[in-house]
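Here is the structure we will look at, set down as structure tokens.
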2 protein chains.
Amino acid sequence: MSVATETKVSLEGLNLTASRRAVLDIVKGAKKPMKAYDILSDLQQVIPHAKPPTVYRALDYLVTNHLLHRVNAQNAFVYCQHHEKCFHDHPERFNVIFTCITCGAITEQAHHVMSNVMAEMTKAMGFMSDSHILECTGVCKECS
Amino acid sequence: MSVATETKVSLEGLNLTASRRAVLDIVKGAKKPMKAYDILSDLQQVIPHAKPPTVYRALDYLVTNHLLHRVNAQNAFVYCQHHEKCFHDHPERFNVIFTCITCGAITEQAHHVMSNVMAEMTKAMGFMSDSHILECTGVCKECS
DNA sequence: ATAGTTATTGTATATTATATCACTATTAAA
DNA sequence: TTTAATAGTGATATAATATACAATAACTAT
Ligand SMILES: [Zn+2]
Ligand SMILES: [Zn+2]
Ligand SMILES: [Zn+2]
Ligand SMILES: [Zn+2]
């Protein structure tokens with residue numbers, strides 16, 4: 001069940017302008033989290049007049065629409081590794097993004113129990129969550 | 001064994017210099033997450049020649065020694081609401097920081113089940129966690 | 001067509017964080 | 001005592017990240 005091959009569902013109902021599409025392709029094509037100004041450099045190969053706001057506006061749109069995740073711990077952006085599952089099958093699911101502080105590798109894990117635990121906590125607090133991404137830094141298997 | 005468990009957290013053994021102590025007091029005394037340059041403004045009331053590196057150095061030290069948490073989603077810092085409990089009673093415990101996007105209120109919750117779930121996940125992945133703080137944004141009870 | 005609205009773009013600037021180097025204090029050998 | 005290593009500080013400059021605000025374009029409803 002490769003996510004990468006199933007692009008049709010992800011793109012339904014989205015207004016992917018040229019800038020947004022280009023930024024999405026850049027981040028999706030990268031194998032590491034991409035920083036805004038790295039994206040800008042790549043984007044300027046395609047859209048020479050692109051400026052920082054061009055990138056940030058596209059990123060805002062793509063994150064809001066769940067095609068990308070922002071990795072706060074790194075000020076970076078990654079393509080959602082399971083966009084359909086996260087938001088179609090289990091809207092309340094929590095994802096956890098693991099970042100290796102040694103090699104920078106990113107792994108996105110969706111976890112049912114975690115989702116339930118977070119649902120319990122937020123319910124008990126009366127807190128309406130709008131962010132389903134939790135971040136964990138450490139050292140990955142390969143680097144330890 | 002995670003990195004955090006190897007870290008002794010107590011006020012003993014800390015080298016709280018004037019700058020570090022002042023920054024700690026500023027963040028501890030604030031009722032909201034404090035940003036670096038807000039801290040700088042306050043710090044300059046006490047140490048007029050303080051500059052950005054003064055603040056960032058103190059923050060690095062205080063975060064490393066678990067007296068403060070960095071809230072990545074806001075580029076801000078909060079006093080650890082229970083640093084002894086976090087690292088003495090339950091070294092593997094995961095804390096969750098909830099941030100209200102409306103009023104900015106911060107709540108730090110430690111949760112045993114969450115801790116176990118994360119321990120399972122990281123064990124399965126062979127991932128050595130060094131950050132036990134997960135962030136969740138949304139709207140708090142009062143604001144909803 | 002035209003006024004009102006929303007969406008997008010352009011320019012400039014604001015905010016956040018680090019690099020560097022010189023200096024001081026403290027401690028640990030030599 | 002001298003020397004060397006470690007840790008912290010002060011000051012300047014600049015890098016890296018992000019947004020404010022004004023202008024224009026596109027779209028909608030009379
Ligand atoms: Zn995802
Ligand atoms: Zn790694
Ligand atoms: Zn804490
Ligand atoms: Zn609130």
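The shown structure was predicted, so the numbers you read here are calculated from the model rather than taken from an experiment. The sequence lines fix the lettering, A, B, ..., with proteins before strands; numbering per chain opens at 1.
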- Message: Rounding to an integer number of Å, can you tell me how far B/Asn72 CG sits from D/dT17 P?
- Response: 14 Å
- Query: Roughly how many Å is it from CZ in B/Arg21 to P in D/dG8, rounded to a whole number?
  - Reply: 17 Å
- Sub-4.5 Å side-chain heavy-atom contact between A/Arg20 and A/Leu14: no
- Message: Generate the contact string for nucleotides 10-23 of chain C. Rules: B means base contact, S means sugar-phosphate contact only, - means no protein heavy atom under 4.0 Å.
- Response: BBB---BBBBB---
- Would you say B/Asn15 reaches D/dG8's phosphate, i.e. side-chain N/O to OP1/OP2 under 4.0 Å? yes
- If you count the non-hydrogen atoms of other residues, nucleotides and ligands that lie under 6.0 Å from CE in B/Met125, is the total more than 12? yes
- Do B/Thr99 and B/Gln74 have a side chain donor and acceptor closer than 3.5 Å? yes
- Protein-nucleotide distance (B/Leu40, atom CG; D/dA11, atom P), rounded to Å: 13 Å
- Could you pull out all residues at least two apart from A/Asn75 that satisfy side-chain hydrogen bond (donor to acceptor under 3.5 Å, both in side chains)? A/Arg70
- Looking at residues at least two apart in the chain, or sitting in another chain, which of them share a ring-ring contact (aromatic ring centres under 6.0 Å, His included) with A/Phe77? none
Do any N or O atoms of the protein come closer than 3.5 Å to N or O atoms of nucleotides 23-25 of chain D, and which pairs are they?
none

- Report yes if some heavy atom in the side chain of A/His66 is under 4.5 Å from a heavy atom in the side chain of A/Cys80; otherwise report no. no
- Item | Whole-Å gap separating P (D/dG8) and CG (B/Leu62) | 12 Å
- Where at least one partner belongs to residues 23-41 of chain B, residue pairs that pass salt bridge (charged side-chain N to carboxylate O under 4.0 Å, His left out), sequence neighbours excluded: B/Arg21-B/Asp25
Review item, side-chain donor-acceptor pairs of residues 49-62 of chain B, under 3.5 Å, at least two apart:
unit_1	atom_1	unit_2	atom_2	d
B/Lys51	NZ	B/His49	O	3.2
B/Thr54	OG1	B/Lys51	N	2.9
B/Thr54	OG1	B/Lys51	O	3.0
B/Tyr61	OH	B/Asn15	N	2.7

- CG of B/Leu16 versus C1' of D/dA7: gap in Å, rounded? 15 Å
